[in-house]
Amino acid sequence: MVSAPRRVTPDEARDRLVGQLGLRAMRASAGAEGAREVLAALRLIQLDPLDRVGTNADLVAMARVDGLKRGGIYDALMPGHAFEHFAKERCLVPAEGFPYYRALAARRPWLRLHSRYEAIPEAAIEAVYADVAERGPLTAGDLDDHGRAAPLDLSGWKTTTKVGTMALRVLWARCRVVVSGRRGRDKLYDLPERALGAVAEAAAPVEFARWALLERVEAAGLLSVNAGPQWSMLSETRTGALVGELVSQGLLERVQVGENARIYLAPRGFLDRRFGDDDGQMRILGPLDPLLWDRKLVEHAFGFEYIWEVYKPAAQRRWGYYVCPLLHHGRLVGRFEGHVEAGELVVDRLWREEGAAFDERAWQACRERHASQLEI
């Protein structure tokens with residue numbers, strides 16, 4: 001029999017989430033070492049290519065680590081400490097997770113790539129693999145010319161026509177190559193055994209779903225059992241027997257926040273964890289920061305409504321194109337939209353949250369710190 005969920009107040013949920021997700025104080029380690037510690041703690045750092053005031057991966061790291069510049073997250077983690085793959089959408093994943101992905105890719109076609117790329121000749125895929133093996137790490141632009149093919153329509157997005165680039169993506173999906181770094185804005189691909197070392201040859205000790213679910217709950221802090229993007233890659237697991245098994249084994253806990261009927265999964269001991277003191281710094285959060293994954297939870301625990309409107313037509317936006325929340329003393333106190341122009345961090349708009357204490361000095365220090373991280 002499954003026990004009743006533990007009930008916590010919104011204030012308690014907010015306090016635990018801020019601590020669990022590393023937003024009370026900067027890591028003691030700065031720079032590359034701090035970035036590696038952040039990935040180990042968060043389990044996932046979601047990727048997005050848009051760069052207005054740093055990419056989402058930059059913003060996630062900068063909110064938690066001092067001494068890290070724009071783009072430095074990739075240099076800090078690759079090669080050796082991380083790889084890219086689908087998790088909560090496309091993410092940076094700790095290197096230790098690679099055996100689980102490789103085992104999953106070997107058992108079944110990876111997501112939608114199998115059917116959409118099945119027209120690519122297997123000979124071309126093997127030729128690209130040989131190219132990477134001989135000359136890697138390589139960007140897609142470094143590959144030998146393997147001809148052209150008709151572009152594929154991926155939910156309205158047209159793919160490249162280059163067979164070599166298509167083949168490279170198939171190899172990446174199959175975990176035969178990995179992203180091992182960046183050259184400017186281009187991704188570098190290499191063999192897993194070169195990029196990740198011995199971990200690339202290790203065996204996965206448990207099934208992917210079991211490992212990934214425990215990782216995802218740690219990454220979220222509180223993971224709603226309701227469907228949503230926070231369950232990306234694990235939608236089948238959400239409705240299967242595994243959730244109940246892990247709860248029965250005491251590896252996960254069921255939680256309710258306030259009088260809300262939603263049920264959340266929390267890591268074992270989550271509600272009894274204690275975290276350090278708040279350092280008083282205001283933080284800029286990336287739109288895909290793990291604190292913001294579950295917008296309904298954010299609204300319930302923080303009293304803050306957040307919508308990322310980057311893909312909405314301008315006329316339909318309530319706030320703006322690329323708006324970042326501001327966290328201070330464990331509360332979401334405002335939001336801002338900005339960009340870099342002529343070597344300066346420009347604040348396009350600033351919204352102070354109604355009813356929240358907004359510290360102007362902390363905001364000024366936050367802007368100055370962020371500008372220095374952008375190397376402005």
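Using a 3.5 Å distance cut-off with no hydrogens or angles, the side chains of H328 and D359 do not pair a donor with an acceptor. Looking only at atom types and distance, the side chain of N226 has a donor-acceptor partner in the side chain of S224 under 3.5 Å away. A side-chain donor from one of K88 and Q46 sits under 3.5 Å from a side-chain acceptor of the other. No hydrogens or angles considered: nothing links the side chains of E309 and Q316 as a donor-acceptor pair under 3.5 Å. A side-chain donor from one of E368 and Q364 sits under 3.5 Å from a side-chain acceptor of the other.
The pair R262-D294 meets the salt-bridge criterion, with a side-chain N (NZ, NE, NH1 or NH2) lying under 4.0 Å from an Asp/Glu carboxylate O. A salt bridge is absent between R268 and D272; no separation between the charged side-chain nitrogens and carboxylate oxygens falls under 4.0 Å. Ion pairing between a basic and an acidic side chain is recognised when a charged N comes within 4.0 Å of a carboxylate O; R369 and D66 show such pairing. Salt bridge E218/R273: present, at least one basic N to carboxylate O contact under 4.0 Å. In summary, D58 and K69 do not engage in a salt bridge, as defined by a charged side-chain N under 4.0 Å from a carboxylate O. A salt bridge is absent between E337 and R349; no separation between the charged side-chain nitrogens and carboxylate oxygens falls under 4.0 Å. The pair R70-D51 meets the salt-bridge criterion, since a charged nitrogen lies less than 4.0 angstrom from a carboxylate oxygen. Under 4.0 Å is where a charged nitrogen must lie from a carboxylate oxygen, and between R14 and D11 at least one such pair does. Look at E126 and R174 and you find no salt bridge, because none of the NZ, NE, NH1 or NH2 atoms lies under 4.0 Å from a carboxylate O.
Figure legend: R16 and F275 shown without cation-pi pairing, the cationic atom not lying both under 6.0 angstrom from the six-membered ring centre and within 45 degrees of its axis. Geometrically, R295 does not engage Y306 in a cation-pi contact defined by less than 6.0 Å to the ring centre and at most 45° from the axis.
Grouping the Ile, Leu, Val, Met, Phe, Trp and Tyr side chains by contacts below 4.5 angstrom, directly or via other members, places L17 with V225. Cluster annotation: W211 and L246 are assigned to the same hydrophobic cluster (Ile/Leu/Val/Met/Phe/Trp/Tyr, side-chain heavy-atom contacts under 4.5 Å, transitive). The cluster map of Ile, Leu, Val, Met, Phe, Trp and Tyr, joined by side-chain heavy atoms under 4.5 Å apart, puts L285 and V310 in the same cluster.
Scanning for salt bridge (Lys or Arg N to Asp or Glu O under 4.0 Å) contacts around K187 gives E84, with sequence neighbours left out. Remark: R135 pairs with D131, D144 by the salt bridge (Lys or Arg N to Asp or Glu O under 4.0 Å) rule, at least two apart or across chains.
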side-chain contact (heavy atoms from CB on, under 4.5 Å) for R352 and L350? Distances and angles first, verdict last. CA-CA 7 Å; R352 297 168 179 84; L350 171 67; 3.5 Å; yes
Query - R182/L188 under side-chain contact (heavy atoms from CB on, under 4.5 Å): CA gap, chis, key distance, verdict - result: CA-CA 5 Å; R182 295 288 195 279; L188 287 164; 5.9 Å; no
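The aromatic ring centroids of H85 and W172 lie less than 6.0 Å from each other.
Other residues, nucleotides and ligands contribute only 12 or fewer heavy atoms inside 6.0 Å of the NZ atom of K296.
Taking the six-membered ring where tryptophan is involved, the planes of F83 and Y101 are perpendicular, since the angle between them exceeds 60° and thus also 30°.
Residues in residues 313-332 take part in these salt bridge (charged side-chain N to carboxylate O under 4.0 Å, His left out) pairs, two or more places apart or across chains: E305-R318.
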